[in-house]
**Student:** 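Dropping the structure in here first, questions after.
Letters go in sequence order (proteins before strands), and every chain restarts at 1.
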2 protein chains.
Amino acid sequence: MVLTTAEENYLKAIYHLSDGGTKSVSTNDVAAEMKTKPASVSDMLRKLGDKEVIEYRKYYGVNITEEGKKRALTTIRKHRLWEVFLVDKLHFAWDEVHEVAEELEHIQSPLLIQRLDEFLNYPKFDPHGDPIPDEFGDVKARPRLALNEMEIDSSGQIVAVKDSSAAFLKYLDKVGAYIGARIKILDKVEFDGSMEILVDQKKTLFMSKDVAANILAIQS
Amino acid sequence: MVLTTAEENYLKAIYHLSDGGTKSVSTNDVAAEMKTKPASVSDMLRKLGDKEVIEYRKYYGVNITEEGKKRALTTIRKHRLWEVFLVDKLHFAWDEVHEVAEELEHIQSPLLIQRLDEFLNYPKFDPHGDPIPDEFGDVKARPRLALNEMEIDSSGQIVAVKDSSAAFLKYLDKVGAYIGARIKILDKVEFDGSMEILVDQKKTLFMSKDVAANILAIQS
DNA sequence: TCTTATTTTTAGCCAAGACTAAAACCCTAA
DNA sequence: TTAGGGTTTTAGTCTTGGCTAAAAATAAGA
């Protein structure tokens, strides 16, 4: 069963909105994600239902099937491998690659992806720190570390905070250390555990050990 | 002015059929090349005419414009650069790359092509021996050599014959040394100038100096 | 439970790019 | 110069993936 580019994009959106297939997803949510109108989504859901990559009950949203999950993971795998290629080999900045990878992910050639994976030396994570599913759809979870547990010179991406009080989030926002920010540990002060951190390859930030211990990152 | 993938493919076909824009091309010829019906071609020619990449006079075929030539050469450049990538970096065989490059050539990102060119070290010819236009559309012609002028171990592609008598072409056909064949010089006998040649990476051929002198190739 | 608000679907329309069938055009040979 | 044959265009249809407007179904509040 062949999926069109549009169908692949819808399926990927549904996969993400459903948290990897664990929740059902509404028509409106898909429309928002795809930047289309709900009426267009209804049509597409019927098609995807016919192709059995989602389970579609009118008025009750959709659930992704096992087959659909497999397809979505393949697309995600291709997207992330191309991102690694663009950053590692063609020296794109990590925030310039998404649009192009969005096009490249639809190239139809299993051999191409297999060879690309080999060429890139089987990377496990993309430049944003997201895991690359293997050819069977299995992903390697990456452990989260508090910033104060990271080594000097190591890089990663902020994925969560332990203390999610408004005050703390406001502070993070103010200093520019949002969820998703790319970071690098520049220095750690032995005396008090405070740290110097590079955010998004441009901004340097100082923070106390207490603050650092509240920020979780994945290492890349 | 943006061209769709279909429009790019038609334009490329017209460019090739017109010998690089030197001849006008008929609707029927385009239909044959694109494997579509003449009726579909008429429609598309009107569109391409509106976009001023061809000059279209009903019932009198088309001529490609300067702008159209530029666009076609950009697409050809992208196609051939991707072919080099697939063969040199991903170890595809030279005859496995066309379909995939046909998809890759439509990725829209000038930066991507610039970086790819750099990554591949500015190749001048693709794996089939065809020249890669530079970013201004200029192509480097490659001199033709008679096979007996080629060095041992050098590779290339047969592009023409000096003696194009039916008898000689029949002979070539029989031994499998058609125009376009990929060849490699395996050995040259000093004594009589006869040669051993690998055709299409699989078939070994022996030929006299006289025969070799009649076959022209480009080196790769 | 009934009414209203929200969500979702249906119906009808559009553009791109294919098709078939039929009409229009061009050219050549008698 | 006209008839026929081949080529090309037009007209009308199909599918995909959008859209709007209106109808239908669900959900929520009194």
**Student:** Are any protein N/O atoms closer than 3.5 Å to N/O atoms in nucleotides 21-25 of chain D? If there are, list each pair with its distance.
**Tutor:**
unit_1: D:dA25; atom_1: O4'; unit_2: A:Y59; atom_2: OH; d: 3.4

**Student:** Using heavy atoms and a sub-4.0 Å distance, could you list which residues of residues 67-76 of chain A are near DNA chain D? By number, please.
**Tutor:** none
**Student:** Would you indicate whether A:E149, at its atom CD, is surrounded by more than 12 heavy atoms from other residues, nucleotides or ligands within a distance under 6.0 Å?
**Tutor:** yes
**Student:** For the pair made of NE2 in A:H106 and C1' in D:dG17, what is the distance, rounded to whole Å?
**Tutor:** 14 Å
**Student:** Quick check: on DNA chain D, is the nucleotide nearest B:V41 upstream (toward 5') of the one nearest A:A6, or the reverse? Name the residue that is more 5'.
**Tutor:** B:V41
**Student:** What residues from residues 47-57 of chain A pass a heavy-atom cutoff of under 4.0 Å to DNA chain C?
**Tutor:** A:Y56
**Student:** How does each nucleotide of nucleotides 1-6 of chain C score, in 5' to 3' order, for protein heavy atoms under 4.0 Å: base (B), sugar-phosphate only (S), or none (-)?
**Tutor:** ------
**Student:** Mind jotting down which residue pairs meet the salt bridge (Lys or Arg N to Asp or Glu O under 4.0 Å) criterion with at least one end in residues 70-79 of chain A? Sequence neighbours excluded, please.
**Tutor:** A:E67-A:K70, A:E67-A:R71, A:R77-A:D117
**Student:** When you check the phosphate oxygens OP1 and OP2 of D:dT9, does a side-chain N or O of B:T27 lie under 4.0 Å from one of them?
**Tutor:** yes
**Student:** In degrees, rounded to 10°, what is the bend between the two ends of the helix from C:dT1-D:dA30 to C:dA30-D:dT1, using five pairs at each?
**Tutor:** 20°
**Student:** Compare every heavy atom of A:P38 with every heavy atom of A:N28, then report the nearest pair and how far apart it is.
**Tutor:** OD1-CG, 3.3 Å
**Student:** Quick one: which residue pairs count as a side-chain hydrogen bond (donor to acceptor under 3.5 Å, both in side chains) with a foot in residues 107-116 of chain B, not counting sequence neighbours?
**Tutor:** B:E8-B:Q108
**Student:** Tell me if a side-chain donor or acceptor on B:K23 pairs with a main-chain N or O of B:G21 at a distance below 3.5 Å.
**Tutor:** no
**Student:** Looking at every strand, decide which applies to A:T36 at a 4.0 Å heavy-atom threshold: base, sugar-phosphate, or nothing.
**Tutor:** sugar-phosphate
**Student:** Does the distance from a Lys or Arg side-chain N to an Asp or Glu carboxylate O, for B:E83 and B:R80, drop under 4.0 Å?
**Tutor:** no
**Student:** Atom CZ of B:R46 and atom C1' of D:dT8: how far apart are they, to the nearest Å?
**Tutor:** 14 Å
**Student:** It should be established whether B:K58 places a side-chain nitrogen or oxygen under 4.0 Å from OP1 or OP2 of nucleotide D:dT10.
**Tutor:** yes
**Student:** State which residues pass side chain to side chain contact (heavy atoms under 4.5 Å, CB included) with B:N121; sequence neighbours excluded, sorted by chain then number.
**Tutor:** none
**Student:** Return yes when atom CD of A:E96 has more than 12 non-hydrogen atoms of other residues, nucleotides or ligands closer than 6.0 Å, and no otherwise.
**Tutor:** yes
**Student:** Among residues at least two apart in sequence or on other chains, which ones pass ring-ring contact (aromatic ring centres under 6.0 Å, His included) with A:Y10?
**Tutor:** none
**Student:** Which part of the nucleic acid does A:S40 contact within heavy-atom distance under 4.0 Å: base, sugar-phosphate only, or nothing?
**Tutor:** base
**Student:** What is the distance, rounded to the nearest whole Å, between atom CG of B:L45 and atom P of C:dG17?
**Tutor:** 13 Å
**Student:** Within a reach of under 6.0 Å around CD of B:E103, are more than 12 heavy atoms found that belong to other residues, nucleotides or ligands?
**Tutor:** yes
**Student:** Can you list everything that forms a ring-ring contact (aromatic ring centres under 6.0 Å, His included) with B:H106? Sequence neighbours excluded, please.
**Tutor:** none
**Student:** Is B:T4 near enough to C:dG17 that one of its side-chain N or O atoms lies under 4.0 angstrom from OP1 or OP2?
**Tutor:** yes
**Student:** What is the separation between atom CD on B:E8 and atom P on C:dG17, rounded to the nearest whole Å?
**Tutor:** 11 Å
**Student:** Side chain of B:K37 only, heavy atoms from C-beta on: which candidate in C:dT10, D:dT9, C:dT20 is closest?
**Tutor:** C:dT20
**Student:** Quickly work out the A:D43 CG to C:dG12 P distance and round it to whole Å.
**Tutor:** 14 Å
**Student:** Going by the ring pair (Phe, Tyr, Trp, His ring centres under 6.0 Å) test, which pairs reach into residues 37-81 of chain A, not counting sequence neighbours?
**Tutor:** A:H79-A:H98
**Student:** Would you name the heavy atoms of B:A217 and B:L147 that are closest together and state the gap between them?
**Tutor:** CB-CD2, 3.7 Å
**Student:** Can you check whether B:L112 reaches A:L90 side chain to side chain, under 4.5 Å on heavy atoms?
**Tutor:** yes
**Student:** What heavy-atom pair brings A:A213 and A:A146 nearest, and what distance separates the two atoms?
**Tutor:** O-CB, 3.7 Å
**Student:** Can you tell me how far P of D:dG18 sits from CE of A:M34, to the nearest Å?
**Tutor:** 6 Å
**Student:** Nearest whole angstrom, please: distance from the P of C:dG17 to the CE of B:M44.
**Tutor:** 4 Å
**Student:** Would you tabulate the side-chain donor-acceptor contacts of residues 40-53 of chain B under 3.5 Å, counting partners in other chains and residues two or more places apart, or write 'none'?
**Tutor:**
unit_1: B:K51; atom_1: NZ; unit_2: B:V2; atom_2: O; d: 3.0
unit_1: B:K51; atom_1: NZ; unit_2: B:E7; atom_2: OE1; d: 3.0
unit_1: B:K51; atom_1: NZ; unit_2: B:E7; atom_2: OE2; d: 3.3

**Student:** Regarding A:K89 and the six-membered ring of A:F119, is the cationic atom NZ or CZ under 6.0 Å from the ring centre and inside 45° of its axis?
**Tutor:** yes
